[in-house]
Amino acid sequence: MDQVCRWGELVIDSITAVGDFTLFMIRTLRWLLTRLPRGETLWPNFYEVGVKSLPVVALTGTFIGMVLAVQSYFQFRQLGLETRLGGVINMTLVRELGPVLAATMLAGRVGSAMAAELGTMRVTEQIDALSAMGANPVHYLVVPRFLACLFLIPTLTIMADFMGVAGGHFYSVYILEIDIHHYWHNSKIFVSQFDLFVGLFKSIFFGSAIAMVSCYQGFNCTAGAEGVGRASTSAFVHSFVMILIIDLSLGIVLDWVYFLMYPEGVGLL
Amino acid sequence: MIEALLEQQEPLVEVHDLHVQFGAQKVLRGINLTIPAGQTLVLLGESGCGKTVLMKSIIGLVQPTRGQVIFDHEDLATLAEREINYLRLRYGFVFQNAALFDSMTVGQNVAFPLRQQGRFSDNQVYEMVLSRLSEVGLPDSVVHKKPAELSGGMRKRVGLARALIMNPEMIMYDEPTTGLDPIMSDVINELIIRTRRRNPVTSVVVTHDMNTAKKVADRIVMLMPLPRLGEQESQIIFDGTPEELVNCRDRRVQQFINGEAGERLMELRATGV
Ligand SMILES: Nc1ncnc2c1ncn2[C@@H]1O[C@H](COP(=O)(O)OP(=O)(O)OP(=O)(O)O)[C@@H](O)[C@H]1O
Ligand SMILES: [Mg+2]
């Protein structure tokens, strides 16, 4: 009986949480549409998300490009297809790894910091103080962070893509000594503008999810240092899960769109 | 005389049958309170009895589980978010732990309500900030400091300056003198009285300091924590003037104002602490 009660509570709690989160998103969107935040709240967030995240995104991008070259070279070589490497590496980067990596780094670097900052503000009554002075906390704190993530994650993704492509090129051409002409010729055949679009399109959803999840965790932070720590960790974990779910569902939907647009298609092999 | 005048005043805040509950914990039960415009009401009660929660419900920061809060004839529950934001420009709230924005300097903190309104030039704002800071006994040099660089008492006074800067109609002071030295406490008491003399403000002051209570109060209300009350007892165990408080026969009230542990000590002994 106890067990049943506990399961029941768990179900009710999770439904409440989903409802709460949805309301939080709706409120953010409503404030976003009614009044734009002032510059002084906007620029620090843009700086934090766009400028300060660039190095780490660029670094991971480069390494993933090289790792892809190392990994796929071995297998493609057994089939005698090493010249196709360019296609594989660049396609994977632009469609999947670039956006997902940029989003993961953003969730880890910015998302958890946002949750910790807003959580501390909640615990020390700064959020109450905002309301008490007639400033809406969602408008003042959440909307600027949301806009920063929404607008800047595509640029971070482009950075990850670019550095990844450069890393892959460097490793394939200079270390594995694949013919540069074939490498890029194959890339050109297999990677279309649609792939680039898919990557950037997904990244916009990733960015929004990261901002919403992290701010929500911060706003609902429980008291104490432990509460803030927990908010910051769950901001990352929940963002990451959201990224994976969005990635899968958008992947399916966009593939379907692709077949509608280009019924003949181009295969990799 | 003053009482007679106040009686005629319009009520600014009316609290009807207010219940507040967090999860399973009941904090306020059936509170009825009417605060006439211009009154200075001191809220007493032991730690954890719900004074802060009551003040926050009056300005709509805490949602009541049941009951109504009416501010200037408007029921807070019926107002849209936007209207509430607008209404809040008429309040000032001094938080118990100051609640300064730690990403901003002291000056930006104090100027926040002014900037929120956006009616003043930078120079005007700066002048007003400096004069408010000097009123609470802070030197000009703190303007560019971050709240983290100040002492607890200084932070509290910055919070006070921030709440007063708009000359609000109603000010809530949550323990404005706790953690201040006796001299600074008296400066703050004087400030509360002076603010009131200058504008016809309505104030609610939460304090544990009987000096402050006697000095600033027109009326004193004392709350009792719910766990210490029976089912039918009212949570407000005293409501009257400071003189009436001193002469009150209720043992719980007397123990509180004289600072006697009384049966609480026996309880602690019984639990073996
Ligand atoms: N946001 C909240 N969530 C859950 N419980 C809360 C919350 N705020 C207050 N409480 C509970 O309500 C009770 C009353 O709290 P409140 O802060 O009003 O006490 P207080 O009378 O101001 O005490 P003090 O004099 O120590 O400041 C406490 O038991 C506290 O645990
Ligand atoms: Mg309190």
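Each chain gets a letter, A, B and so on, in the order the sequences are listed, and its residues count up from 1. Reckoned from all heavy atoms, side chains included, excluding hydrogens, waters and symmetry mates.
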Worksheet item: When only pairs under 4.5 Å are counted, which of B:L100, B:I84, B:I59 shares the most heavy-atom pairs with chain A?
Response: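 Of the options given, most contacts go to B:L100.
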I need the contact set between [range] and chain B: heavy-atom distance under 4.5 Å, sorted by residue number.
range: residues 22-51 of chain A; result: A:R27, A:R30, A:W31, A:T34, A:R38
range: residues 226-250 of chain A; result: none
range: residues 119-138 of chain A; result: A:M121, A:T124, A:E125, A:Q126, A:D128, A:A129, A:L130, A:S131, A:A132, A:M133, A:G134, A:A135, A:N136
range: residues 143-159 of chain A; result: none

Practice prompt. Under 4.5 Å heavy-atom distance to chain A, tell me which part of B:R90 shows up: side chain, backbone, both or neither.
Written response: neither
Worksheet entry | Part of B:F101 within contact of chain A (heavy atom distance under 4.5 Å) | both
Discussion item. Aromatic contact between B:F112 and A:Y140, with the criterion being ring centroids under 6.0 Å apart: yes or no?
Written reply: yes
